Every structure is written in structure tokens, then in C-alpha cells.
Amino acid sequence: MTAPTTTAPAGRGFIELLLARRELLLISVIIATVIIFSIANPSFLSFAHLFGLGRSTVYVGLMALGVMLVLLTGGIDISVSAIAVSSMYLTTVTLMAFDYQGTFLLAVALAVLIGGTLGLVNGVLVTWLKLPSLIVTIGTLTLYRGALLAFVGTDRFRSLPAQMAEFSGFAVIRTSDNGRMVALHGAVLILIVLAAVLALALSRTWWGRYIYAIGDNQEAAERMGVPVRSIRVTAFVLSGALAGLAGLFYAAMSRTADPASLNGVEMTVLAAVVLGGVSVTGGRGSVLGTLLGVLLITIVGSSLVLVGIPTAWQQLFIGLFVLFGVGVPALRERRNERRRGMVVSE
Amino acid sequence: GTTEEGADPAAPIDGEGGGGDASGAVVTVPKLTGIPWFNRMEEGVKLYAEDTDENAYYQGSAEADAAAQVRVIEDLIASGVAALCVTPFQPDAVEQVLKKAMDSDIIVITHEAPTIENADYDIEAFKNDEYGINLMDELAKAMGEEGEYAQMVGSLSSSTHMEWVDAAKKHQEENYPNMTLVGDRVETSDDAQKAYEGMQELLSAHPNLKGVQGSASTDVVGVGQAVEEAGLQDSIAVVGTATPKDTVDLLESGAIDVIQFWDPGFAAYAQNVIAKMLLDGGTVEEGADLGVEGYSAISIEDKVIYGDKAWINVTVENSGDYDY
Amino acid sequence: MTTDRPDAVAPDRADFAVRVDGVTKTFGTVHALDDVSFQVRRGTIHALVGENGSGKSTLTKVIAGAHAPDSGTVTLDGELLEDLTPRDALRKGVRVIYQDFALFPNMTVADNIGFDGGVNPAGLVPRGKNIARTRSALETLGLTISPSTVLGSLSTAERQLVAIARAVSADGRIILMDEPTAALTQKEIDAFLGTVRHLASQGLSFVFISHKLREVVEVADDVTIIRDGKVVESGPAANFDQERISNLMTGSAVSNVRRESAWEVTEKPLLSARQMRLGSVFADVDLELHAGRVHGLSGLVGCGKIEIGLALAGLIPIDQGRIELDGAPLREARSERTIQYVPDDRLTEGLMLNWSIADNIAMNSLDQTTGRGGLQSVPKLGELGTRWKERLRIKTPTVAAPVSALSGGNQQRVLLSRMLAPQPRVLILNNPTVGVDVGSRAEIHDLVRSVADDGTAVLLISDEPAELMSICDDIAFVVDGRITARHAADEIDEERIIDINGQGKAA
Amino acid sequence: MIEARLGPRAHIVLLGALVVVLAGTLSALAPSTFPTMRNMQSMMGQIAPLAILAICIGITFLIGGIDLSIVAVANCAAITAALVGEAMGPDAGALGIMAAAGSALVIGLLAGLTNGFLIATLRVHPIPITLGTMSVFIGISTGITNGATVFGNGYMSGLSTATVVLMPMTFVVFLVLLALCTGITLKTRTGFHMYALGESDKVARYSRLPVTRTIVMTYAASGVLAAIAGLIMFSSTNAANVSFASSYLMQAILIAVVAGIDPYGGTGRLWAILLGAAAMQMLQTGINMSLGSWSGSAFASNFIWGVLLIAVLGLSKWLSTRKHRTREAEVEEKLEEAEAVGSA
Ligand SMILES: Nc1ncnc2c1ncn2[C@@H]1O[C@H](COP(=O)(O)OP(=O)(O)OP(=O)(O)O)[C@@H](O)[C@H]1O
Ligand SMILES: Nc1ncnc2c1ncn2[C@@H]1O[C@H](COP(=O)(O)OP(=O)(O)OP(=O)(O)O)[C@@H](O)[C@H]1O
Ligand SMILES: [Mg+2]
Ligand SMILES: [Mg+2]
């Protein structure tokens, strides 16, 4: 080619590579954190702690995958925590009304269905009313939760349907750690499998390409024949369905159906997703990055005590990680844009 | 001020929606609405209203937020209630709005806030240190009076929780020399999931842990679940404040040994009785019987009214006796 | 009109790959297409020519289903399609190279070339096939880009080639190409046109839009000329030569007015650049702008001429070199008001489309709309707007109307008003007559000349040789980020300009 | 001339009507308690800090941004005021008040400058940035206070108890700030730049408006306003805690959006926040008063808010697109007339 080209980013050594691939940057940060933490307290690397960490990532991780999808299309979904709690509670209340004692799968199906429906409402409001998704989902956030508490009930249930309660003990690996039974919760595997399926769908199916295309350049996507509206709706529906699943898992794993729970989780989810490198303007981000973002936030959120930092400082670290994770790649991007004469400054 | 009207005996008692007339009413304000503990409190208020035919009802904010509670109280003052029975979310945060209420001649009775300034009376089911000491006795009994234990509180800024754990710790140091407190107090934000995660961390950090004392009503729920999953029902003792309904399964499995609580419904009932007494121009006497379980011979210290050690201990044997 | 123009060449109706009948398309208040009829014979290359803003792209978009026409019909491959959508057009084998490329910057080259918006979303992406297809497409065009490069890191010319590769590699039957050669060097153009001819011989049909008339007469089988949204002439290429085409495009014999009243070159330039360099965008650039003179900057799309203008305006930083205004470094010269830059894309870079005309004009002259107490005054805003409305003859009943309600020419006048209102000493214009009709264009040219006559230093960046010829005093040529030649405007002609630009790096 | 910047008039009419209908209905439902001076004062006092936070959202919306850190900043500022007040001792008097309030405002300013600086230089969307700084500010406040409530010595309570012309002082502070911000946005160059930046940051940059300065100033103002809201909350509770008012962020956003300020920037009237805040407060008070004894009442207002938000925005969008079309048609008509006259 004869026109001026930019130097390939890979040519600039390890640091440049790290900065270019958010996943690599996150992995390095996570490895560094793990090394530091396990030096400070070797029990960080115990099965008990690692399994615990895995379990803590589940519900935030599921919601994060959904939010990631919506962000990829250039929208935003703030309402996931309300969808999660609504589907979980409605499912539980319904099952308990019928004194249901059958398989947990029905509960899963119901929660996913309710979550998906609430997500569909978001999607339809966004695409048909042509309102910004930020506004719509802030509206439905308060609406869903308000409706749930005002019209469905506020009672917290601790005696869940038997199969649902049993799910809290659903373990895939069991071992004994200092005489204590520790188990890797099955939900961790479910999260990983779902994430893998989603990652495959995003990279291998046209649906996935369309999700990225819409966030990347919506006009081009329209001109290339992508059914933009319906694809955007699917992102909201999946986000709702994943949130529904997250809510159900949260309730089953804590064996409590509490309609007041999960309040404010949307902020943690959003923080994890943007830390994972998903662009809030769409078109960029990956499943792996999202999971790594969730993992990093979970590590910071649940291991500081182990290394002797008071929980009080936890938020500070999360904030710094987010700023660092978002800021450093941005600086690099700005520099590249500058070099290519793309930035119009004052 | 509207106190001259007193409570209107003819006012309808309103259970399900509809506009209850606020003016002249005695209104009970919980920390927040929608959690079982305060749902029970609401039942107490309803019971009182039925028993006495007074215009008494229950109203609170949807959020676990001191500022939101203040706004509910503001609205109630503006709508001309006669008396407020408040369980402050954070006692110090409501001082000013309660002062405003007192300045508008509204009777103010608080609960779970023995140090409050702007109230006619505060009512406590018991003395907090005695409650904490009793919890420690239960814990020591379950641990065989030896080993490491940890303490959890809903929030480090909750004065009652802190009084319980402080008194318990002091009592342990004086009476159970073979027990040791490990770790910082774990803060759980009244969230069972946080308590669960906190317990997992405690187990990792202190493999020899033998006991846990919980404070918030969600603490032992999370802790019990962690214990059950770790298969440590028999080696770790768990005691703390909770409601029977929340813990029945964990008590049965042995993950929780003892729960201790008081009945928020009766406390609210007692608050309402005192409020009514004051509205009628009466005074509260030492040893008086408020006509509700646990408050048959109250004691008064300064502005704080104590019930007769009105706490309840529940183990697996009697867990079926309560439906809240 | 041409609607029922007898088809001397192809009498059989079904032989048309594309047939457009009576299409009208209005945006806001203006007719972008006015009762246009147009046919493309199967297996031919049909050139569509017209001035900037005459409606060529709009027609392309109507055929591709990207714009719904207000009235009229589109027939593809003999099938009349109601409510044509991009999806329908794709199914009928229509592939488009859009003028703005319509690519996905965050995706790789292979993902862009293999992208297919018309299939079932649940289907699998044939990744291996896409990569193979990408390889072969890039090869045919003589490209050495790796298929896994992220598109966003490519240069404009490379992106254009990717867009071409995408259109020709998919199994389309009708290919619409909106200025596909704008960013390419002569060598690349030759390779590209070879490919097009080859594909046409295999039965593919092409619509080819270009401003380079030489290419048009060289490659086209048929030619249609469009002016102000109307078809003015259509027929076999043999009927046209370059001269005739350009006369038909502009509606009159081109009056090659040259500027004569230029000021003498003064000893000290008003704005000067020495050895400017910016990354891989441009290097070793020396330029001097003198009061009262119009300096032209010519080059292919993406050659760096626009960035040079931006750098001179202080809008992008440079890595090396000095820019001086009146002998003082630019940063210290506080240039905000003294240098004004007029971007070419008035829709996204120049104007606040929803805002009123007055607001747009006042944007850079808020000191003139300050009323009592140093506060902004709405009446004064209106006065300023009205003053400029009259001065530049903006056709609008009120300056409170939104800019979006104006025609392209009038929008451009609003933009120029904004830039002239603060009375700049240096004016940098980037294609100031894009999408502007002939009359307005002449007026804008007059305006630029008169602004220069008043002592302003003007830098004119233009893709149009005719425009450069008609207003510039000197012209510098940018190839691959370097100034390769400088000529006085009266030394050269349009052909020569195209030649110099097309030389590429090799030269 | 500036109508495009203000946004559709239909919206204001709609919102105004909503406020009037709400006031009328509630007065009719509770004639002895709702339309009383005491209740009006109480409502004004309650809404003041929230409404000031809504101004923060409003001005950042105007430039096409958003500030998620406001509640964290408000609490940070209140905690600072409490700690400084404590350090000055109970007898510091006016000096103590000034030091406490001053340091809170400085904290707000610093927080805002940090936000603005990061957003302007990194050019990252403000959501991730202010989400990050929100966590940082919460983290610092939690770390310093250990999560505990810190108390004042009552010297600020004057702010929350004083009244001016029958209105609570805090509400007057809100009105003054709102008037100031409305004036600045509509009447000054900076305001023009804010609108321009929100309408299109690309155009603003190409036309050399001081973009960085505008961004930094707006977020700085947001920080200071948040600090003032924090001081007001502190004055009315005499206590500060990192978790106070956690529900205010979403509510402030709701008010700003309902007030018709476009979250994508460039359009809106700040003063409409008064209407939005009034509607929100009346709704809440109305529900508290008329449905107080229904156990769902505390949540019903959230539900109604969600419905209202989507309804008001959907409706005004619909009305304004219709209006937009008619406006363009009008211009076209006039143009044609003018041409007819010209050619005649
Ligand atoms: N998206 C748009 N928004 C507003 N106006 C538009 C848009 N697209 C085209 N136009 C207007 O329609 C007119 C016709 O534009 P079109 O792009 O069809 O011209 P063109 O002949 O392709 O010009 P060029 O040679 O510059 O590409 C232009 O003058 C422009 O002002
Ligand atoms: N996609 C679009 N969306 C909205 N408006 C558009 C679009 N495309 C074009 N326009 C509007 O259509 C008009 C473009 O018309 P165009 O430039 O072809 O007019 P014109 O007749 O050539 O006018 P002039 O003679 O002044 O150049 C402008 O008003 C432009 O704002
Ligand atoms: Mg035109
Ligand atoms: Mg075009």
C-alpha cells in the first residue's frame, strides 16, 4: 500500500501489547494481585477461598454478560438488578403458591422467561419509542422494583421449594480443606458454560456479528441489511433473561427470596463491565474481558480482609482499578489518535 | 400543633390502603419497610389499633437510608400526627427532625435508641449490655467455654449492635478466659449474602474458629449457611439475633445453635401504649404494666424505659412456636 | 425530460439490471432528487456524473434501499420492489461501495469484507471461507494488508480499497460504486478499473460515480449526467467527451474565471509553517500564507492535506516544526478568532443542524452579541444573524429557523457567516462548495475572492481541480503527506492537477 | 432564536400541567393537611437537597455528560464539614461554620475538578469515569470514617431551620442556585458553550470553542453543588455518613430527565428542574398522606415514578416530533411565499 499507514501496535513490545489487549492487561493485574495477596496471606490460595471467590462471581457475572451485550450494541441497561429481583421473587412466589416441589429446572425456566419478558419491555420501549436506553432503563429500574414491592409483596422467604434450596449445595468438586468441607459450586460452571456459549455466539454466528456491527457503526449496519431493531431487542431480552437467572441463582444460593435484595448491584455490574474493557459507546468488548472484570472486582471486594486491609477501603480500590483500567488504555488510544491527526483539539 | 384533638377514637382503622387520616394519629415509623422484622412490627401496630380502636398505623420508607426516613417523618409532621413512634435508622440522623416534631407538640417515642435526645421516651425491650451478655453466655455454652470466636455487626455505626458485642466481649474476658476473640468485627450491611461471604473469609483466615456471634437479623442466616455447606455444624457454634421463621431450617440442621430476639411487634405495641398515655396527659410510672408481653413491669432510667428482659431465646426445640 | 428517453442501445426492458422511474426524494425543504429516471443495462458500466451535491449519492442510496424515495419506483433485475429495504436490495444482488465506505472500524478487515447483513442471524459465520475470500479479493486488487488487521488502523485509501474488495468479492450482480477512486493513486485506479471491466464482461452491472471525467470516458459504457437532482442527459459513452460532460454538469460552459486581483507576496507571511511533521500523516511541510492571497492545497482523499489544514488552524497538535502567526508561535498568538477553519462536512463537523441560523452564526462571535451587564442578548443574536443573512443572501424567512430546514448551499452560507463574523485574518477552507448548486458555488467563490481582497490570507483545500483553478493564486500538491510540487495557478490546468495527484509515492 | 436549545415547549406545558393536576388532586383529597403552609414548608425543605443534586445532573446532561459521583461527593463534603467542625471545637462560632462549610465546598470543587479533568483529558465516556470516581470518593469517606456516622456540633442547624419569606432557607438556597445556573446557561458565553458542546462536541471542537475548559468548569460546578447539597443534608441531620441518601442518585437523574433535559446534551431548560422536583415531592408526599396506612405505599411512589418518567418522555417526544414536522412545513411555506413574491 502506498498511503501512509500506522505502525502496527504489536511492534512496540510487551507493554504496548498489554495496553492494546484489555484482556491481557486484566490478566496481568489479576496475576499481580493474586501474587501479592497470597504472599500476604497464603490461605488466599486455599481451595476454600478460591471456591468461595468463584461462587461470589456468579450472580454479578451473569448480569454482567447481559449488560455487556446491551453495551456492545451501543445502549445501556441499568435495570438488571430490578429485573433480577423481580424474576426471582415472582418465580418463588408462584412456585410457593402452587406448593411446587418438583425440579429446579422449572424455576429456572420461569425466572428466565420473566426476566426475558421484562427485558423485552426495555427493548421495545427503546426501539419503538426511540427513547435513550439510559432513560428507559432508569425508569424501569424504579418501576419494576417499585411494582414488585408495592403489589407483589415484601415478605422475605427463607423456606424455599425443596429443589431450589438444594441448589445452594449443588457442588461439582468437593474436597476437604483443614477438616472443612469445601465445594466448588455448580453455578460457577454454569456461568462458565453460558459465557462460552455466548462468546461462541458472538464470534461465530451472524447474530453476534450484528451485535458488534450495530454498536460499531449503526448506519453502516442498517445499510448492510442488518435488522437493527430486532437485534437490539434481542440484546435487551438476553440481558433480562440472564439477569433473571442471576436473581434466581442468588436466591437459591442464599436460600432466601428477599425482594429487597440486590439493591444497587447495577453499579457494581456496570463497573465490572467497563473495567472489563467494554466500551459504553458500543462495538468493543469481549466476554472474556467482562468475566475478568467481574473476577477482579470480586477479588478486591472479598479478599482485602484476608490480607489485612480493612473492608472500609475496599471501595477505594475498586474505584482506582476502574479508573486505571479505563484510563490507561484511553491514554494510549488518545496518543494513537493524536499521532494519526484524528483528534480535533481546541 | 394538633395535640388538643388527641387521638380520635372514631377514626377508622385502616388495614388495606385507602386514606387513613393522618391528623391526630399515632404513627409508628420503622427503620425501613418490607423486611420481616419490621413486618412483624407492623403486625404489632395493627394489633394495638384493633385492641384499642385508636387511630394508629405504621408507615416507613422503602429504602434503607437515613435520609429517606427523615423525609417520611417530615411528611408526617406536616400532616399533623399526634404522636410518632420511631425506630431510628441512625439515631443521630433523626435528632433534628424529631426536635422539630417535639417543637410542634408531637409526642415522640423511640425504640432501639437509648441515647436519643429529642424524644419523650425511648423504649427498650431490655438493657443492651444484658442482652449482649446473655448472647455470650449462650455462645460459651455452645462452645464448651473455649476456643476462638468471631463477632459480626450489621454496621459499625449501629449503636445497639456495638453495645451488644462490646458487652459480650467484656463478659467473655471476665468469665470465659479460654475463649478468644479473633479478627476485626465483620460488617455485613444487614445482608445475609455478605454475612455468608464474611464467614467464608473467616473460615479461611481462622481455621480454628469455634464460634460466631451475629448481631443483625441476617447475620446468622448467612453464617449458618456457610457452616452447613462446610459440614461444620458440630464444630462451630453460631448464636445471634434473628427471627425464627428465617432460621428454622438452619436450627434444624444444627448450623445455628441458638437465636435470640425480642418481639418488635410488642415493642411497637408498647411504644403506642406509652404514646397514648402521654397524649392523655398521663405519666409513665416505674413498674407499670403496659399490657403487653415483656413489658409487664417496666423500669425507667432517665428517659429510657426498659422491658422486663423481654428477649426470647429459641433453639431447635421451640423454633416451631413462632410464625415470624 | 429523460423519463421516456428511447433506449437506443437496449430495447428489451428485462435487460435492465436497474431501472429507476420517476424518483423524487426530498430532505426537509429541498429536493435532492427530482423525478429522476435512470436505467442500467445488464453487464455494462454506467457512469453517473454530476457536481458535488447534485444527488448522485442519494440516487445510489435509493437504489440500495438505504433511502426510501418520496415517490417513484425502483426495479431491480426486472422485479419491481415496493418499499425497498437494504435487505431486499442485497437479496437482489446489489452491492454498494458507499462514499463514506460504511465499514466497521472496530472489526478486522476479514470481518468487514465477509460481513453479510442479509442472512439469518442464527446462521454461522463461515470464517474460513471469509478469510479465503478476503485473501483472494485483496490479491485481485493487489493489496498486501493482513486480513486480521483492525480496520480502524488503516489509512483512508486502504479503507476505500477494503470497501471495494467487500463489494466486488461478494457474489453480487449489481454493484453501485460511489466515488470508489477518490482516495486512490493512478496505479491503484488502473488495477481497480481492470477488475471492474473484467467483472462486467462476466455479466455484472455497475453504476460508477466519479468526478474524474477521464476515468469516466475511459471505462463507461453509458453515461448519465445529473444536475440539481434532475437527470439532464443520458446515453452511450460514445456520445460524450470530457468537455461535453462538464458543460452538462454545470449547466453552462465553464467560465474559467481566474483570480486576478491578488495582493503581492509580502515579505513576512501572516501564517507560516516550517518543517511540520505529524506521525505518519505528514512530514517536512513548509507553507506560507500571505495576506490578500489564496493558497490552494491539492491531493487525493487521505493524502494528509486536510490534516495540514487542521494543524495550521491549531486544531491538531504537531510532533515537530513551527507554526507562526505574525512571527509569534501559534500557541501564544491566541489564534481562536484570528484563524478560522471551515470543515467540509457541514452536517457533522460544521453546523448544529437543529439549532437556529442565528445561534449557528453567533457561535464564534459571542462578544458581538453581548448586551447589558455583559450578558448574552437574544435580540442582538438575532441582529447579528440577520446582518449576515443579508450580507451572504441566505435564503430564509427568519434567522430563527433551524439550519436543517435550509438547502445545502444556504447551509454552507451559514457556516461561512459563522467563520467570517469574527473577522478572521486567516481563513482555512476545506472543500467549501461541497453539496452546493452552481449558482451558490459561484457566489461562494466570489465571496472567497473578496474576503482575500480585503487582506485575509486564505488556504483552500479542495478535491476539485476546477475550484482550485478558479480561486487560487498558488497551489501546493500533497502526495503521501509531503508537498511534492508547487505551482502558480496560471501555470497549470485541471488535467495536470489530476496527474500530479495521481502519481503516488512511486513518483 | 434559542428555542432549539430549550427543547420542546410541549414538554414544559405537559410538566406544568402535571404539577397543577397533582396539586389540585392532592388538595382535594386531603384538604386539611395538603394545602397547608406547614406542609408546603415541609415539602420544600425535603426536596431542597435532592433538587440541588438534580441541578448537578442537569448541567452535566446539558454538556452531554453525566455525573454519577454526586451523592458520594455530597457525603464526602458533609463528612469533611463534620470533621472540620469537630476539629475546630464547639466554641469556634462563626469561624467554625465558615471553616466547616468552606472545607466542604473545597472538597466538592476538588472532586468536580478531578472528574472534569479526567473526562476532558482521557475523553472517555463520563459514565465509567464518574463511576470510578464515585467508588473512590465512597472509599475515601468510608476509610476515613470507618463507615461510622460522624456528627456535627449543631452549628450548621441554622441552615435547615431558618426560613426566608415563609420558605425554608434550604429551599431558597436551591432557588438561588437554580436561578444562577439557569442564568449562566442561557445568558453567558460559558452557557452557550455548554449547550454547544452538548449538541455536538465535534462541531464545538471544530469551531474552536473552549471545550476542555467548559467540561472542567461544568463538572467542577457539579461538584460544588453536590457539596452544597451535602451541607444541607448535614445541617438537617447534624450527622454525616458515607451511605446517606443512597437513593438520591437515581432520583436526581429522574428529576432532571423529567424536567426535559436531554441526557445526550444540548437541549433543556434548567429551571424546569423546579417543576420536576415539585412533581416528585408532591407525588411522594401525596402518597404518604393519602395511602400512608397501606403497606405498599412506600414503594408505590417508585412505581409511579417509573411509569411517569417513561410516559412523560414518550409523550413529549411524540408531541415534539409532530411539532418539528409542522415547523419545517411552515418554513417551507414561508419560503415559497417569499419566492412567489420575489418572482412576481
Ligand atoms: N444525510 C444527509 N443529511 C442532510 N443532507 C444530506 C444528507 N445526505 C445528502 N444530503 C444532501 O443532499 C444533497 C445531495 O447529496 P448527494 O450526497 O446525493 O450528492 P452527491 O451528488 O453525491 O455529491 P458528492 O459529489 O459531493 O458526493 C447534498 O447537497 C446534501 O446537502
Ligand atoms: N438524510 C437527511 N436528513 C435530513 N435532511 C437532509 C438529509 N439529506 C439531505 N437533507 C437536507 O436536504 C437538503 C439537501 O439538499 P441539496 O443540497 O441537494 O439542496 P439543493 O437543492 O442542492 O440546495 P442548494 O441549491 O442550496 O445546494 C438540505 O436541506 C439538507 O439539510
Ligand atoms: Mg445541492
Ligand atoms: Mg456523493
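Numbered from 1 within each chain, the chains take letters A, B, ... in sequence-line order. Being a predicted model, the structure only gives us computed values, none of them experimental.
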**Q** Given heavy-atom pairs under 4.5 angstrom as the criterion, report whether the side chain, backbone, both or neither of D/L254 touches chain A.
**A** side chain
**Q** Give the interface residues of residues 244-253 of chain D toward chain A, defined by a heavy-atom separation under 4.5 Å.
**A** D/L249, D/M250, D/I253
**Q** Go through the atoms of A/L148 and report whether side chain, backbone, both or neither lie under 4.5 Å from a heavy atom of chain D.
**A**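 The answer is neither part of A/L148.
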**Q** Return the minimal non-hydrogen interatomic distance between D/F303 and A/A147, and the atom names on each side.
**A** CD1-CB, 3.4 Å
**Q** Counting only heavy atoms closer than 4.5 Å, note whether A/T140 contacts chain D via side chain, backbone, both or neither.
**A** both
**Q** Strictly less than 4.5 Å between heavy atoms, which residues of residues 260-270 of chain A line up against chain D? Please order them by number.
**A**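 Near chain D, by residue number: A/E266, A/M267, A/L270.
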**Q** Looking at chain A, which one of D/T133, D/V242, D/I127 has the largest number of heavy-atom pairs inside 4.5 Å, strictly under?
**A**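 Looking at each of D/T133, D/V242, D/I127 in turn, D/T133 comes out on top.
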**Q** Measure the shortest side-chain to side-chain distance between D/H125 and A/T281 over non-hydrogen atoms and say whether it is less than 4.5 angstrom.
**A**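 Yes, their side chains come closer than 4.5 Å.
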**Q** How about OH on D/Y264, more than 12 heavy atoms from neighbouring residues, nucleotides or ligands closer than 6.0 Å, or not?
**A**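 Yes, OH of D/Y264 has more than 12 neighbouring heavy atoms, counting only those of other groups under 6.0 Å.
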**Q** My understanding is that only one of A/V326, A/V278, A/V273 makes a side chain to side chain contact (heavy atoms under 4.5 Å, CB included) with D/P128; could you say which?
**A**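 That would be A/V326; it is the only one of A/V326, A/V278, A/V273 passing the side chain to side chain contact (heavy atoms under 4.5 Å, CB included) with D/P128.
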**Q** Under a 4.5 Å heavy-atom cut-off, does chain D meet the side chain of A/F151, its backbone, both or neither?
**A**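 Looking at A/F151, just its side chain touches chain D.
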**Q** Only counting residues at least two apart or in another chain, list the ones meeting side chain to side chain contact (heavy atoms under 4.5 Å, CB included) with D/V258.
**A** D/L15, D/W305, D/L309
**Q** Examine whether an atom of A/V280 lies under 4.5 Å from a heavy atom of chain D, and if so say whether it belongs to the side chain, the backbone or both; otherwise answer neither.
**A**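 Only the side chain of A/V280 comes within 4.5 Å of chain D.
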**Q** Without swapping roles, check the side chain of D/R123 against the backbone of A/R334 for a donor-acceptor pair under 3.5 Å.
**A** no
**Q** Do any of residues 129-138 of chain A have a heavy atom less than 4.5 Å from a heavy atom of chain D, and if so, which, in residue order?
**A** A/L129, A/K130, A/L131, A/P132, A/S133, A/L134, A/I135, A/V136, A/I138
**Q** Name the region of D/V257, side chain, backbone, both or neither, that has any atom closer than 4.5 Å to a heavy atom of chain A.
**A** side chain
**Q** Please classify the contact of D/F137 with chain A as side chain, backbone, both or neither, using a heavy-atom distance under 4.5 Å.
**A**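 Neither part, no heavy atoms under 4.5 Å.
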**Q** What heavy-atom pair brings A/L149 and D/F299 nearest, and what distance separates the two atoms?
**A** CB-CG, 3.2 Å
**Q** When rounded to the nearest 0.5 angstrom, what is the spacing between CD1 in D/I129 and CG in A/L323?
**A** 6.0 Å
**Q** Identify which of A/L316, A/I78, A/L141, A/L331 forms the greatest number of heavy-atom pairs closer than 4.5 Å to chain D.
**A** A/L316
**Q** About how many Å separate CG of D/L313 and CG of A/L125, when rounded to the nearest 0.5 Å?
**A**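 Between atom CG of A/L125 and atom CG of D/L313 there are 11.5 Å.
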**Q** Might you point out which heavy atoms bring A/G319 and D/S135 nearest each other, and give the distance in Å?
**A** CA-CB, 3.3 Å
**Q** Of all heavy-atom pairs between A/A330 and D/V124, which one has the smallest distance, and what is that distance?
**A**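 Taking every non-hydrogen atom into account, CB-CG2, 3.2 Å.
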**Q** Sort out for me which of D/T121, D/L118, D/L122, D/I304 touches chain A most, counting heavy-atom pairs under 4.5 Å.
**A**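 Ranked by contacts with chain A, first place is D/L122.
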